[in-house]
Each structure stands twice: as C-alpha cells, then as structure tokens.
Amino acid sequence: MRKTLWGIILLVFLAISTANGEAAPLTLEVYPSQTLYLSLNSTTTLTAMFNNQSVEANWTKSNMFGDIGTLSAAFGTYTVLLTSSSPAQGTITVQLPEGLPPPEGLPHGTQTKQVRVMVGLAELFKAVNDRSAQINTFKATYRLVMSVPALNVHETQTVKLLSKSPDKLKLSLYSLDAEHLQTQIYSGKYMTLIDEQGKIYKKDITGFVEEMNTPNIVFQLDLHRFLNEHHLDFNPMFTNPPSYGVNALPEKKNDYYDRLLFVIEYDKGLVSRREVYKDDNLISSVWIEDYENVDNLWFGKQSVTKTIASGYEVVHEIRYDSIEVNGEIGDEEFREGRKGHSL
C-alpha cells in the first residue's frame with residue numbers, strides 16, 4: 001500500500017515537470033486576464049506577475065480601432081486603464097525593462113505579454129435596445145421584390161406591416177392589383193397564417209422565439225439573457241466607427257444557428273447588417289442600403305435579404321413607402337380572424 005502511495009506521488013510530480021525531468025518554465029503573466037471585456041468609462045488594474053510575485057515592467061497600449069483609454073503609469077508593477085467613452089479594441093503590452101536581467105528562471109523570449117482589450121461591446125447592444133424601447137407601435141407599407149436568380153423567378157408584392165410592443169407583429173401581403181395573398185400574425189409564441197382563400201393555420205413557434213432572442217428591427221430583446229448566452233467579440237473587418245462588427249457565438253448548441261454577425265450603427269442604435277451561420281455555412285444575411293429618420297428614430301428605408309431555401313438562393317429586396325411610429329393600433333388587428341387591412 002505504501003509503495004502504491006509513493007507511486008501516485010511520483011506520477012503527480014512527473015505530471016508537473018517537463019519531459020526531460022526539469023521543472024516547467026515560469027513565465028511573465030498579466031492579471032486579471034489576457035483578454036478584457038470592459039464597459040465604457042470604467043477602470044481596471046493590470047498587474048505584472050512572475051512566479052506569483054509582482055515585477056516592475058514597462059506598459060504601453062496600441063489601438064486597433066477607436067481608443068481603448070488611458071494608462072495611469074508607463075512603468076511599475078501595475079497600471080490602471082481608464083477606458084474611453086466610445087467602443088474600441090486594442091492591446092496593452094507589458095515588457096520587462098531593457099538592460100536589466102529578467103527574474104531568475106524566466107526563459108528567453110517570454111519577457112513580453114499582451115492583453116487584448118475590448119471596450120463597449122455590451123453598450124452597443126444596449127443602444128439597439130434603447131432605440132427599440134422608444135417604439136411602442138410601428139406601421140409601414142413597403143414594396144417587396146422576391147427573386148430566385150437560378151430559376152429566373154421574380155415577383156413583386158406590396159406588404160403592410162403592423163407591430164405592437166412587446167410581441168405582436170402582422171404582415172399582410174398583396175399583389176400589385178391589391179389582391180390579398182397572405183397574412184401572417186405573430187402574437188406571443190404563436191404564428192397564424194391566413195391564406196388567400198381565408199383558411200387559417202396556427203403554429204406554436206415557442207422554440208424559434210426562445211432561440212432567436214437576437215436584435216431585430218422593432219422589438220426589444222432580453223439583453224441580459226442575450227449577453228449571458230453568447231460569447232461576443234469584435235469583428236474588425238466589419239468595423240468602421242461608428243459602425244461596429246460583432247461576432248456572437250451561442251454558449252449552447254441550438255437548431256437555428258451556431259454563429260451570428262452583427263454590424264451595429266452605434267450613433268443610430270440600429271443593426272445595419274446581420275448574418276446567420278449554421279454548420280459553418282451562411283444561411284441568411286440582411287443588410288440596410290438606405291436609412292430614414294422618423295420622429296428622431298432611425299429605420300432602414302431600403303434593405304436586402306438573402307436566404308438559402310431548398311438549395312437555392314432567395315433574394316428579398318424591400319423599399320419602404322411609408323413609416324409611422326407610435327400611432328394608435330388596436331389589439332384587434334392581431335386577432336386570428338383579421339385577414340388584412342386596406343392599402
């Protein structure tokens with residue numbers, strides 16, 4: 001029994017040693033983290049450590065876009081970062097002073113560490129939510145051009161849209177001759193479809209609603225839940241302030257997407273582009289091509305949506321003819337038997 005115990009101790013010792021029997025190399029580290037997600041106008045303290053002891057070092061910052069903020073000290077065992085008032089991404093580099101020997105045991109090539117800093121990610125989505133909070137009702141008419149390029153299919157419709165906070169949406173589709181084609185009513189976690197013959201079909205879309213808690217054109221999202229259920233990261237390729245690209249990866253797998261890309265217009269509180277990926281394939285994308293300000297709120301006046309259906313690319317081009325915000329809309333507009341409304 002004693003031999004077995006000593007064998008276990010020996011295995012543990014070997015596990016924390018290198019293959020040739022030497023102790024694992026010690027490295028310069030920065031605390032609290034190698035990646036920092038910080039709020040606007042916040043402070044955080046960074047400490048240079050070696051072998052669990054603070055060491056004096058040089059501190060510098062560099063910006064990828066925007067300005068991550070200011071450092072309280074350029075030399076010392078620690079520095080304090082005061083972040084800026086606009087979203088930004090950059091790095092903070094800690095380096096042991098040149099001309100001085102490194103702490104004993106510090107191997108060559110590890111005298112420098114970088115901390116990745118992202119500022120204001122949560123505030124971007126809060127800006128979108130704050131805009132949506134000002135929209136109690138939304139009424140619009142737009143021209144929809146649907147096409148399937150591979151099949152040479154093109155169809156134009158007129159759509160009447162009604163929405164009422166927090167969860168009511170109605171789309172009524174008409175031909176160019178004002179003939180009713182279809183009405184879709186979303187109320188809570190149910191979707192009702194009324195076809196051109198007046199037949200009614202109802203479907204529980206609870207799963208879809210739960211999984212697609214993402215920023216949209218009208219309704220607020222559960223911001224706290226969205227931030228907790230996704231890993232967020234800036235996408236510099238889609239960033240040109242005040243436009244910011246953000247990648248969102250769900251913490252748990254779902255049936256609808258495994259990666260989202262948002263481009264957020266921070267000054268407008270508006271998502272100007274959204275891409276949805278599943279199994280590393282782009283399955284849908286929507287982007288705004290023109291804007292309109294209505295009652296000090298920004299909306300997309302013209303947009304394009306591309307999706308993949310049955311292996312074919314389907315394109316929807318939308319051009320709004322009229323937009324009305326916070327007018328009177330009764331709940332009866334969203335009842336199942338309400339086919340449509342006049343153009």
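It should be emphasised that the depicted structure is a prediction, and the values quoted were computed from it without experimental measurement.
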Does Gln89 have any side-chain hydrogen bond (donor to acceptor under 3.5 Å, both in side chains) partners at least two apart in sequence or in another chain, and if so, which? none

Ignoring hydrogens and geometry, is there a side-chain-to-backbone donor-acceptor pair from Glu229 to Pro250 under 3.5 Å? no

Do Glu333 and Lys168 have side-chain heavy atoms sitting under 4.5 Å apart? no

Would you say CE of Met64 has more than 12 non-hydrogen atoms from neighbouring residues, nucleotides or ligands within 6.0 angstrom? no

Not counting sequence neighbours, which residues clear side-chain hydrogen bond (donor to acceptor under 3.5 Å, both in side chains) with Ser243? List them please. Glu265

Hphob cluster co-occupancy, Phe226 + Val263, side-chain heavy atoms under 4.5 angstrom: no

Test item: Asn326 side-chain N/O and Asn136 main-chain N/O as donor-acceptor pair under 3.5 Å: yes

For the side chain of Trp59 and the backbone of Gly76, is there at least one donor-acceptor N/O pair under 3.5 Å apart? yes

Would you say the side-chain atoms of Thr239 pair up with the backbone N or O of Gly245, donor to acceptor, closer than 3.5 Å? yes

How are the rings of Tyr320 and Phe138 set to each other: parallel, tilted or perpendicular (split at 30° and 60°)? perpendicular

Does the Asn254 side chain pair with the main chain of Tyr257, one donor and one acceptor, at a distance under 3.5 Å? yes

Applying side-chain contact (heavy atoms from CB on, under 4.5 Å), can you list everything that pairs with Pro149, at least two apart in sequence or on another chain? Ser147, Glu313, Val315

Is there a path of hydrophobic side-chain contacts, each under 4.5 Å between heavy atoms of I, L, V, M, F, W or Y residues, that connects Val119 with Phe238? no

Counting N and O atoms only, with roles assigned by atom type, does the side chain of Arg131 sit under 3.5 Å from a partner on the main chain of Trp298, one being a donor and the other an acceptor? yes

Spell out, yes or no, whether Val117 and Leu227 are grouped together once hydrophobic residues are joined by side-chain heavy atoms under 4.5 Å, including indirect joins. yes

Residue Lys126 excluded, over 12 heavy atoms near NZ under 6.0 Å: no

Quiz question: by atom type and distance under 3.5 Å, do the side chains of Glu275 and Tyr277 form a donor-acceptor pair? yes

Within 6.0 Å of CG in Asp280, more than 12 heavy atoms from elsewhere: no

The test is side chain to side chain contact (heavy atoms under 4.5 Å, CB included); show your working for Thr158 and Leu176 and say whether it passes. CA-CA 6 Å; Thr158 298; Leu176 294 182; 4.2 Å; yes

Mind jotting down which residue pairs meet the salt bridge (charged side-chain N to carboxylate O under 4.0 Å, His left out) criterion with at least one end in residues 43-63? Sequence neighbours excluded, please. Lys61-Asp67

Flag the pair Phe262 / Val128 as yes when at least one side-chain heavy-atom distance between them is below 4.5 Å, and no otherwise. no

Name every donor-acceptor pair, under 3.5 Å, that has one atom in a side chain of residues 302-310 and the other anywhere in the protein, sequence neighbours excluded.
from   : atom 1 : to     : atom 2 : distance (Å)
Gln302 : OE1    : Arg319 : NH1    : 2.5
Gln302 : NE2    : Glu289 : OE1    : 3.4

Could you check whether the rings of Tyr174 and His180 sit parallel, tilted or perpendicular, using 30° and 60° as the cut-offs? perpendicular

Heavy atoms of other groups near Asp290 CG, more than 12 under 6.0 Å: yes

Just jot down the side-chain hydrogen bond (donor to acceptor under 3.5 Å, both in side chains) partners of Ser33, sequence neighbours excluded, or say none. none

Here the gap from Leu124 atom CG to Asn129 atom CG, rounded to the nearest 0.5 Å, amounts to 12.5 Å

Using a 3.5 Å cut-off and no angle test, enumerate the donor-acceptor pairs between side-chain atoms of residues 37-47 and protein atoms at least two apart in sequence or in another chain.
from  : atom 1 : to     : atom 2 : distance (Å)
Tyr37 : OH     : His231 : NE2    : 3.4
Ser42 : OG     : Ser39  : O      : 2.7
Ser42 : OG     : Thr83  : OG1    : 3.4

State yes or no: do Met49 and Val115 share one hydrophobic cluster built from I, L, V, M, F, W and Y residues joined by side-chain heavy-atom distances below 4.5 Å, directly or via other members? no

Check whether Phe334 forms a cation-pi arrangement with Lys164 (NZ or CZ under 6.0 Å from the six-membered ring centre, at most 45° off the ring normal). no

Clusters formed by hydrophobic residues whose side-chain heavy atoms approach within less than 4.5 Å: which one holds Val314, and what are its other members? Met146, Val148, Leu151, Val153, Tyr312

Determine, using the 4.5 Å side-chain heavy-atom cutoff (strictly less than), whether Val159 and Phe299 are members of one ILVMFWY cluster. yes

Are Lys202 and Tyr190 in a cation-pi contact, defined as NZ or CZ under 6.0 Å from the six-membered ring centre and within 45° of the axis? yes

Say whether, by atom type as modelled, one donor and one acceptor occur between the side chain of Asn63 and the main chain of Ile68 under 3.5 angstrom. yes

Can you list every salt bridge (charged side-chain N to carboxylate O under 4.0 Å, His left out) pair that touches residues 233-246, not counting sequence neighbours? Arg116-Asp233

Quick one: salt bridge (charged side-chain N to carboxylate O under 4.0 Å, His left out) pairs with a partner in residues 239-249, sequence neighbours left out? none

Of all heavy-atom pairs linking Ile185 and Arg335, the shortest is CD1-O, 3.3 Å

Please check if the number of heavy atoms outside Glu328 that lie under 6.0 Å from its CD is greater than 12. no

With no hydrogens and no angle check, is any side-chain donor or acceptor of Asp279 less than 3.5 Å from a backbone partner on Asn281? no

Listed once per pair and sorted, the salt bridge (charged side-chain N to carboxylate O under 4.0 Å, His left out) pairs that draw on residues 293-303, sequence neighbours left out: Glu292-Lys301

Do the side chain of Asp177 and the main chain of Glu179 share a donor and acceptor less than 3.5 angstrom apart? no

Applying side-chain hydrogen bond (donor to acceptor under 3.5 Å, both in side chains) to Ser62 and not counting sequence neighbours gives Thr91

